[in-house]
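Here the structure comes first, spelled out in structure tokens, and everything after it is commentary.
Each ligand, and each atom within it, is numbered from 1 in the order the structure gives. All values below were derived from every heavy atom in this structure, side-chain atoms included, with hydrogens, water molecules and symmetry-related copies excluded. The structure displayed is predicted, hence computed values, not measured ones.
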Amino acid sequence: MPITIAVAGKGGTGKTSLSGLIIHYLSKKGKGPVLAVDADANSNLNEVLGVEVETTLGDIREEIAQAELMTPSPIPAGMSKQDYAEIKFNSALAEMDDYDLLVMGRTQGHGCYCFVNGLLQTQVAKYAGGYTYTVVDNEAGMEHISRGVLPDVDIILLVSDCSRRGVQAVGRIAKLVESLDLKAKQVKLIINKAPDGQLSDGIKEEIALQELDLLAVVPMDELVYKYDTEGIPLVNLPEDAPVKVAVRDIIQKIHL
Ligand SMILES: Nc1ncnc2c1ncn2[C@@H]1O[C@H](COP(=O)(O)OP(=O)(O)O)[C@@H](O)[C@H]1O
Ligand SMILES: [Mg+2]
């Protein structure tokens, strides 16, 4: 059965870092095929994975809009605009060595943001069945969840830092998920960047208040900071780096 995992939470909590490490682990373990989805308009999942992004759904949307204005039209005679668009959008799926990558991106200027949202939903729904795992790195906030972009998510990983506001933010997402009656079988909390891997009493209290199900505590890892500032992809961290060890533990706990 294909499994879709969505990673959500406040900005800067580590969604992209953890998504990238999860994708890396699953694909290196041969548990694939894995589809990596960057659903943040400010795409940067590829930086964690250490790959270049050639094009995004947003870019292609722009190209199609331009094509429609051109004379002579680049749309082959006899082909409907819709078929042309579909072929184009399919070209946004990039094949890497160990996984495929789909990047949402955004449209330039005044294009409606919800348009790429809808596109993403269509493309993910079309592809997800062909992969053992689909991992979706979300933008901050609840847009994709509230708009129903990810209706068939099996596992939602809520990521927070060690702040009450971070935990409150994911608490709101958890309540939204509940109210939308999504199919998600598991909605779990990950606390990231915990000093010495420990939770303070205040954070424990907030987790209880928000009635969140704590899956894992990922320690603050100095090496992550170092790699980040030096522009080295996080997937190149040594296998015994605390974040990598924590990600292996997360994957075991959710039985992937
Ligand atoms: N466990 C960690 N230890 C230290 N730094 C981390 C850790 N996880 C993430 N970071 C850093 O926090 C920042 C935000 O991470 P990112 O994954 O981009 O968050 P988000 O996608 O939620 O906005 C990045 O600079 C990243 O390197
Ligand atoms: Mg991010």
Decide, yes or no, whether a salt bridge links D249 with K253 under the criterion of side-chain N to carboxylate O below 4.0 Å. yes

Judged on heavy-atom distance to atom 12 (O) of ligand 1, which of K193, E222, K226 sits nearest? K193

Can you count the protein N, O or S atoms that lie less than 2.8 Å from the Mg ion (ligand 2)? 1

Determine, stepwise, if the pair N192 / T13 fulfils side chain to side chain donor-acceptor pair (under 3.5 Å). CA-CA 7 Å; N192 188 21; T13 53; over 6 Å; no

If two hydrophobic side chains count as joined below 4.5 Å and joins carry through other members, does L189 share a cluster with V136? yes

List the closest protein heavy-atom neighbour of atom 22 (O) of ligand 1: residue, atom name, distance to the nearest 0.1 Å. K15 NZ, 2.7 Å

Number the atoms of ligand 1 from 1 as they appear, then name those within less than 4.0 Å of a heavy atom of K10, with their elements. 22 (O)

For P33 versus G130, what's the shortest heavy-atom pair and its separation? CG-O, 3.7 Å

Below 4.0 Å, non-hydrogen atoms only: which portion of N192 touches ligand 1? Side chain, backbone, both or neither. side chain

Can you report which non-hydrogen protein atom sits closest to atom 14 (C) of ligand 1, along with the distance? G12 O, 3.6 Å

State whether the number of non-hydrogen atoms from other residues, nucleotides or ligands found under 6.0 Å of E68 atom CD is greater than 12. yes

Any N or O of T16 closer than 3.5 Å to N or O of ligand 1: yes

When you measure from atom 19 (O) of ligand 1 to every protein heavy atom, which one gives the shortest distance, and what is it? G14 N, 3.0 Å

How far is atom 27 (O) of ligand 1 from the closest protein heavy atom, and which atom is that? D228 OD2, 3.0 Å

Starting from atom 6 (C) of ligand 1, find the nearest protein heavy-atom neighbour and note its residue, name and distance. V224 CG1, 3.4 Å

Is there a polar contact between ligand 1 and M220, counting only N or O atoms under 3.5 Å apart? no

Shortest non-hydrogen contact from S73 to A67? OG-O, 4.3 Å

Polar contacts were defined as any N/O atom of the residue lying under 3.5 Å from an N/O atom of the ligand; does this apply to T13 and ligand 1? yes

closest protein heavy atom to atom 17 (O) of ligand 1 is S17 OG, 2.6 Å

Salt bridge check, K175 against E211: does any charged N sit closer than 4.0 Å to a carboxylate O? no

Decide whether N90 and Y127 meet the rule of one side-chain donor and one side-chain acceptor closer than 3.5 Å. yes

Between T134 (side chain only) and T4 (backbone N and O only), is there a donor and an acceptor less than 3.5 Å apart? no

Show every salt bridge (charged side-chain N to carboxylate O under 4.0 Å, His left out) that has at least one partner inside residues 14-40, sequence neighbours left out. K28-D98

Inspect the contact between E222 and K226 and indicate whether a charged nitrogen and a carboxylate oxygen are less than 4.0 angstrom apart. no

Output yes when the distance from some N or O of ligand 1 to some N or O of N44 is under 3.5 Å, and no in every other case. no

For the OG atom of S146 and the CG atom of L180, what is their distance to the nearest 0.5 Å? 7.5 Å

Common cluster, I251/I3, ILVMFWY with side-chain heavy-atom separation under 4.5 Å: yes

Of the choices V243, V247, D221, I191, which has the non-hydrogen atom that lies closest to atom 4 (C) of ligand 1? D221

Do P219 and ligand 1 have an N or O pair less than 3.5 Å apart? yes

